[in-house]
Number of protein chains: 2
Amino acid sequence: MASHGTRGRGGGRPTLEEVAARAGVGRGTVSRVINGSPRVSEATRAAVEAAVAELGYVPNTAARALAANRTDAIALVVPEPETRFFAEPYFSDMLRGVGAELSDTEMQLLLIFAGSDRERQRLAQYLAAHRVDGVLLVSVHADDPLPDLLAQLEIPAVISGPRSAAETLTSVDSDNYGGGRSAVEHLLSRGRRRIAHITGRLDVYGAQRRVAGYRDALRDAGHEVDELLIESGDFTEEGGRRAMTELLARRPDLDAVFAGSDVTAAGARQVLREAGRRIPDDVALVGFDDSAIARHMDPPLTSVRQPIEEMGRAMIDLLLAEIADRRPAASRGLERRHLVLPAELVARTSS
Amino acid sequence: MASHGTRGRGGGRPTLEEVAARAGVGRGTVSRVINGSPRVSEATRAAVEAAVAELGYVPNTAARALAANRTDAIALVVPEPETRFFAEPYFSDMLRGVGAELSDTEMQLLLIFAGSDRERQRLAQYLAAHRVDGVLLVSVHADDPLPDLLAQLEIPAVISGPRSAAETLTSVDSDNYGGGRSAVEHLLSRGRRRIAHITGRLDVYGAQRRVAGYRDALRDAGHEVDELLIESGDFTEEGGRRAMTELLARRPDLDAVFAGSDVTAAGARQVLREAGRRIPDDVALVGFDDSAIARHMDPPLTSVRQPIEEMGRAMIDLLLAEIADRRPAASRGLERRHLVLPAELVARTSS
DNA sequence: ATCACTTGTGGGAGCGCTCCCACAGTACCT
DNA sequence: AGGTACTGTGGGAGCGCTCCCACAAGTGAT
């Protein structure tokens, strides 16, 4: 189809100027049409659109970025080492949501890894140079300096998994508290009474919320919380094994375990098996994340599903809104928004 | 006026010009230093570098892209719907490799989803506008028009998982043939003789190679290939169940199954259990991918591990080389390169 | 001394846009 | 009639770089 005149050498795509000439209008007018300005007559707009179509014109992003001082790009920052243990489906599901929501826009998505010190260095330069219009932050640690850097540079940012209840950045999260509650309520409704909890890493806010949900569900049902039934894990399989061994030694009569993640549950399961406990007959088991592991475990693991894809979509929505709002410097004091999406229990045969 | 740049309101990062003034040299010289040209005296270079450090200068990518007609960006194109079933760890592992290799360079990584028709439309425009210097293609179907579009536009590209033996694009692959062989050789060495194979989707080249490895391993060991022991699957769990049921009906005396993926193996395992076959006592089971599912299956699944992270690194290496080589239009006929990295059997208790 | 190089350097001319000012044309008041 | 207010429109002036030509200064052969 590109068999037409070989004008400019070296990939010569048509420019605004050429479109303008073709449509018999000025450069400014074409720019207005491209950017959807209302101050263009219907007839002119049609003529320009025809010329655009005929020439197959596509705006040059670099030129636009340079002239307009915006980039039409957002960055998804991935703290690399985390990726591995922070749940297998998490990352790709979130990406799916992000991608879906972004496909309606002109925005492009940059993936930036911030694992090594060198990478973090580069990232800081990147942000300082304002090479993106906004930033998406995933699974950031409580002591990470990144969010503050972002705030200081006044770069719009949304974080998934707030660092604390006092998160300063706009955030999106799943209802870890509610998820913890429903796991316990489910076990109670199945007649379990001595329900243990293997927590996630307690420096992760979401893990704290799950514990809170666990405690409140027990209390609200009129049960005392037995501290000996709570043991901290770290989201890993090994941590699950360790914690389960501990719990079994302390409270051999426990009849259910709510694990802070599916991987943790897998570790706990091993120890339970080796101790001769049958699942779910002797001990019921519930995980968190509803990952592939949960579906394929034997027996299939009851787990709490987080709406990760939706969280990805929501992050983009909030970020784009923030980018759009940033223009009028007058409208300072946008109230920070904290979105919490419901988590849902998926019952399987392990409980 | 003080140091306040009345100029561009907003970011106001230092420019080349300002660095030049500070270092007492011309714009061109600073540009040469920044871009590592050898034609700069040691003294001048030092002065410029000092000025850069003092001002915290970071080049403006947009301006550079516009002036130099390159983007310093590469795109990773993800055929969205595939992502889900094309193995959980696959995507994030590959990303890890890509990210690691990219962190040595100035290149930035763009993630582009090409699932829906609208997204593919956008992608085509993107490429036509030469908004990236090169493209990484993952798990592309045999009939996908994308690779041809890329070739036509003369955009450097590397594909992971070649579409056929006659792949025209530079490709990186794991040794599916060798992986298939070692799975079968492993089973033979364990004394198994009636080894079935549930294939992957046979329109995927890698799946074909695995079948070829399966056949050759049997033949080379002096065994006849029994066509009734081969049943095609589609990488899914449901496909695994269907195929296993079929195989069990045809050859109830089979004593081993080599599945085209871990998920397929999970499906097969269910059917075997329901049929009262013990694993590995009655039937040995081997999967492919070495995913989380394999590690957590009961019993843990022997599987073939692909060096996915390394594949990611290799893709970047090849792509960057191709981008660098593209300059001299004279050097047409770069021999297309096809890199195959070894796959490794990870023995667990299912075999 | 002249010439022919080489090496280092400065700065003009764009790259393709957006922003914004100027201004023609029309409409509706006084 | 003049004034005031729009609405559309054209095009100049950059945005911050890279490319490349011009040229000063140094080197060595003639």
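Per chain, numbering begins at 1; letters A, B, ... match sequence-line order. Values reported hereafter were calculated over all heavy atoms of this structure, with side chains retained and with hydrogens, waters and symmetry mates removed. What you see is a predicted model; the values in this text were computed from it and never measured.
- Rounded to whole angstrom, the span from the CD atom of B:Glu17 across to the P atom of C:dG11 amounts to 9 Å.
- Rounded to 10 degrees, the angle separating the terminal helix axes of the helix from C:dA1-D:dT30 to C:dT30-D:dA1, each built from five base pairs, is 50°.
- Annotation: side chain to side chain donor-acceptor pair (under 3.5 Å) contacts of B:Ser41 (sequence neighbours excluded): B:Thr44.
- In terms of the side-chain contact (heavy atoms from CB on, under 4.5 Å) criterion, residue partners of B:Ala23 (sequence neighbours excluded) are, by chain and number, B:Val25, B:Val48, B:Ala51.
- Screening residues 32-41 of chain B for salt bridge (Lys or Arg N to Asp or Glu O under 4.0 Å), with sequence neighbours left out, gives no hits.
- A straight line from CG of B:Leu16 to P of C:dG11 spans 14 Å, rounded to a whole angstrom.
- Applying the side chain to side chain donor-acceptor pair (under 3.5 Å) test to B:Arg22 and every residue at least two apart in sequence or in another chain returns B:Glu54.
- The pair A:Asp144-A:Arg120 meets the salt-bridge criterion, since a charged nitrogen lies less than 4.0 angstrom from a carboxylate oxygen.
- Within residues 27-52 of chain A, the residues approached by DNA chain C to less than 4.0 Å at the level of any non-hydrogen atom are A:Arg27, A:Ser31, A:Arg32, A:Asn35, in residue-number order.
- Rounded to whole Å, atom P of D:dG16 lies 8 Å from atom CD of B:Glu18.
- Under the side-chain contact (heavy atoms from CB on, under 4.5 Å) criterion, A:Asp317 pairs with A:Glu101, not counting sequence neighbours.
- In terms of the side-chain contact (heavy atoms from CB on, under 4.5 Å) criterion, residue partners of A:Pro162 (sequence neighbours excluded) are, by chain and number, A:Glu167, A:Ser171, A:Asp173, A:Tyr205.
- For A:Asp148, the salt bridge (charged side-chain N to carboxylate O under 4.0 Å, His left out) test picks out no residue, with sequence neighbours left out.
- Contacts between residues 54-67 of chain A and DNA chain D, counted as heavy-atom distances below 4.0 Å, involve A:Leu66, A:Ala67.
- In this structure B:Arg27 satisfies the side chain to side chain donor-acceptor pair (under 3.5 Å) test with no other residue, sequence neighbours excluded.
- Take A:Asp104 and apply the side chain to side chain donor-acceptor pair (under 3.5 Å) test, not counting sequence neighbours, and it matches B:Arg118.
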